Amino acid sequence: MDKTYQPAAIERRVYQRWEESGFFAATGDGPAYCIMIPPPNVTGTLHMGHAFQHTLMDALTRYHRMLGCRALWQPGTDHAGIATQMVVERQLDAEGKRRQDIGRDAFVERVWQWKSQSGDTICRQMRRLGDSVDWSRDRFTMDPELSHAVTEVFVRLHEEGLIYRGKRLVNWDPVLHTALSDLEVLSEPEQGSLWHLRYPLADADGHLVVATTRPETMLGDTAVAVHPQDGRYTALIGRRIRLPLTNRLIPIIADEHVDPAFGSGCVKITPGHDFNDYEIGRRHDLALINVFDRNAHITRGEATGEMDVGIPAELVGLDRFAARARVIERLQADGLVEKIEPHTLPVPRGDRSGAVLEPWLTDQWYVRVAPLAAPAIEAVEDGRIRFVPDNWARTYFQWMRNIQDWCISRQLWWGHRIPAWYDDDGNAYVGRSETEVRARHGLDAGVRLSQDEDVLDTWFSSALWPFSTLGWPRATPELGFFYPTSVLVTGFDIIFFWVARMIMMGLKFAGDVPFREVYITGLIRDENGEKMSKSKGNILDPLDLIDGVDLQTLVAKRTSGLMQPHLRPRIEKATRKQFPQGIPEFGTDALRFTFAALASTGRDIRFDLSRTEGYRNFCNKLWNATRFVLMNVEGHALAAGGDAATSLPDRWIRSRLGRAVATVKEQLAAYRFDLAARALYEFTWNEYCDWYLELTKPVLQEGGAAPAEQALTRRALIDVLEALLRALHPLMPFITEELWQRVRPLSGATGPTVMLQPYPCVDEYPADDAAEAEMAWLQAFVLGLRQIRGEMDIAPARPLPVLLQDASAEDRRRVAAHAHLLRQLARTESIDVLDPGTEPPVAATALLGAMRILVPMAGLIDVAGERERLGKALARAQADRQRIEGKLGNRQFTDNAPPAVVAGEREKLANTRREIAQLEEQIARLDRLG
RNA sequence: AGGCGCGUAGCUCAGCGGUUAGAGCACUUGCUUGACAUGCAAGGGGUCGGUGGUUCGAUUCCACUCGCGCCUACCA
């Protein structure tokens, strides 16, 4: 074996073997355990957030597989309508073409090509992460089977009246030319202006002042509103305004929505281009004027009802921002601009294009969500679905209880085409196919039908993922067995987009909740707590942490393809500063262990590379511990597996292993990966390596112990290691597999892979309190002497003569029983028990219960140093005594505190007092000498 | 406006109504110890954001407050 762990040498080989051997398939007759992967965008790449979530999902899957479950981690990818279409459009753009130039069929064909070309990236990355997904069940949201499910759901919802088509204001992206759902709108405050415009009264001199942030929309105004109780304007209600530029007459109306305290208290009402105004327009039966085309350029105007909109010809065709400038110019020329104030306002932008969105009147398909939401709310209320941590349920409720209808049609080409057909009169027919539509509605071949050009929101198909991947609407065995799935692992950012919708659709169509639990992970942030993003140039590629990356490559990755190229020097500088040497190779297991160790619930994660380095070292520790065990076991007699451990260390380490495994199980059940990881780390390093391996050395070395005892210790060494590898496997799959393969022949374990071994069972390593107590004594003995050595600057190699004062019969028994261990671990030259009444020599002191461990000082240490050391200990003990005495002297405490606590304090006080007496005596002795 | 979360060692984070508040990294000192210098041993370092309350006892529970972050809805 190499002296250090080399992850690159083994990871690929190990994964390939797992995959080729079919170890990932869900088999066996155990209970179901199933996790649905949140399908990543098929043409994307996995980022740190994915790597984090995949680590947790894989750990859960491997753990439950080892517990005997028939475990399925369902893989797959999402077609990601807008995102993918944009990528391909950009490719076309580089060729100087637009998608309209090549036509819909050719374009879609190109997207499929791009998908097949880049779709492997994610699979490759997942293999490097060790993801134990069942590749044979890989799914894509646009697979025929899944598309079939989409159509089926659409048709059934439509039949129930839960999908409808309607002309309404939607969030329109004038760059992508599609409608968006409310969730795809990002509103950020931006610096703008508040224009105060004078609207002349129609039938008298004078004007009203309206304040607006969107002056160009005045072309579509159909009213001015004031608050009904606003005394300044009550007399004007019902009179009319002559709308500048258009010369139209519009009414002054009263509406509660108006805030008299804002601006002048008068609001221009543009029902065609503002969501609030749309509502007001409905309340007052106002006409609605659309003044924009699909590019948000000014049109001649299109009104509901007969009307001359009156948009000046010179404005027609202008972009909305150019139009804004021109409108203001014109109004200023007419003296109709009272003032312009700087104003910060929320500007809605598309989450993909970044374009300023326009409320625009179009025909779209909607899901009537309220009837679906009610049972979905109930499922969380009554605990059929549990959020972890549970405070996310509040977020879920808050949104679900105010849920709006869901606009599901998108004016894109890449996606599931809406299963609706139109005749020449514009009548819409919904059905599973054109044939079905014709049959059902009695439309013979003479009637021309054309399918709806639009596609569905990507999240519509994602919402079906938990059952569409399992074969729904067919009643497949998998659907029956794995649905509802066990847990969903995802980020809070898609609770509304995805989680809520899966719950609604699952309850509606699969007859039950889609998952029992939702584990919401935190976000992976950079070392400054910033969100990782390409545009900030602070992304880390998980594979770069696994394989390492040189500085040049890292800088190039972070600065290429930037939306804002001017940030490049800053990003480069920051990167060079943070990673002057690039990033070394840490291996997958170290990265995975880092994610697990940082995964405390309800909190974002500042990714800390030094933790990864620490866990790389942990891998190396495990590697070398195995090396030690193999060296000491191979070629030697080994006790049979069933033989009882007899030595103290053997009993102790088994007991401690059992406790560690118990902790891991408990913490994994609570999704506390951090605490599970810590329990394993501490057991491995602080107990198995630091103590147990050291304790086996005196036993195993030549002439150390009787052969029979050695054989037992070798048994314990290999058994505990083998179990430890199994216990660590879900978090660190690669190294544990590699080491387990080497350990297996010696341990007597059988089977082709550690990943299909049973997880260690607590019952096999029952707690041994007696052994733990005795080991605690032994450890205290060793630590006491090490402390004297360390603080007194005694060379580690120098053997120390040790005297024991006030040793009880039990102390004496223990010393005799473990003298060989103490000699090795504490480097004692001799251990002698002083007879009662014997005056001890001047010595450095350590206390172990009532016993004093003395290291005679002649020639060893300076008296002043030891005096100071004891003085510090004494001061500490005296402070303790005072605190405890104060506590026990308080009647309130002794009367009210639980008896066990009081008794504990009394015992503590007794120990402290004894310790003080011992220390004072030692100090006095040193003083006599000095 | 409503909701959620965070503030503990230099850094990243655990923890908890009751020992002396812990870990990793960083730091100091000493060690080429027959598994491992990606290591071993010893050590320094914290008024647990502030104020008040509940309690025999608060870093932990409650209220207020300061600072930071996020989500939802938004007044034109």
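Because the structure is predicted, anything quoted here is derived from the model rather than measured. The chains referred to below are lettered A, B, ... by the order of the sequence lines, with proteins before strands, and numbering in each begins at 1.
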Between [options], which one does the side chain of [X] approach most closely?
{"X": "P796(A)", "options": "rG7(B), rU38(B), rG30(B)", "answer": "rG30(B)"}
{"X": "W685(A)", "options": "rG24(B), rC40(B), rC56(B)", "answer": "rC40(B)"}
{"X": "Y681(A)", "options": "rA76(B), rG24(B), rG5(B)", "answer": "rG24(B)"}
{"X": "D690(A)", "options": "rA41(B), rA35(B), rC70(B)", "answer": "rA41(B)"}
{"X": "R786(A)", "options": "rA42(B), rA76(B), rG24(B)", "answer": "rA42(B)"}

Within the 4.0 Å heavy-atom criterion, would you say [X] contacts the bases, only the backbone, or no part of the nucleic acid?
{"X": "E907(A)", "answer": "nothing"}
{"X": "K697(A)", "answer": "base"}
{"X": "C689(A)", "answer": "base"}
{"X": "L825(A)", "answer": "nothing"}
{"X": "D277(A)", "answer": "nothing"}
{"X": "W195(A)", "answer": "nothing"}

- Item | L739(A)/M1(A) under side chain to side chain contact (heavy atoms under 4.5 Å, CB included): CA gap, chis, key distance, verdict | CA-CA 10 Å; L739(A) 296 176; M1(A) 279 177 83; 3.6 Å; yes

What about [X]: does its side chain form a donor-acceptor pair under 3.5 Å with the base of [N]?
{"X": "Q787(A)", "N": "rA41(B)", "value": "no"}
{"X": "K621(A)", "N": "rC36(B)", "value": "yes"}
{"X": "R616(A)", "N": "rU38(B)", "value": "yes"}

- Message: I want to check one thing: is the phosphate of rA14(B), taken as OP1 and OP2, less than 4.0 Å away from some side-chain N or O of R672(A)?
- Response: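 No, because none of the side-chain N or O atoms of R672(A) sits under 4.0 Å from OP1 or OP2 of rA14(B).
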
- Message: Walk me through whether E530(A) and K536(A) qualify under salt bridge (Lys or Arg N to Asp or Glu O under 4.0 Å).
- Response: CA-CA 9 Å; E530(A) 300 268 0; K536(A) 288 198 185 111; 3.7 Å; yes

- Task: Please determine, by modelled atom types, if T395(A) and Q398(A) share a side-chain donor-acceptor pair under 3.5 angstrom.
- Result: no

- Query: Which distance, rounded to the nearest 0.5 Å, do you find between the CG of L286(A) and the CD1 of I250(A)?
  - Reply: 9.0 Å

- Message: Let's test this: given Watson-Crick or G-U wobble pairing with both distances under 3.5 Å, identify the partner of rU47(B).
- Response: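 In the structure as shown, rU47(B) has no Watson-Crick or wobble partner.
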
- Query: Of the options W685(A), Y681(A), F586(A), which is the one that meets Y615(A) in a ring-ring contact (aromatic ring centres under 6.0 Å, His included)?
  - Reply: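 So, applying the ring-ring contact (aromatic ring centres under 6.0 Å, His included) to Y615(A) and each of W685(A), Y681(A), F586(A), only Y681(A) qualifies.
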
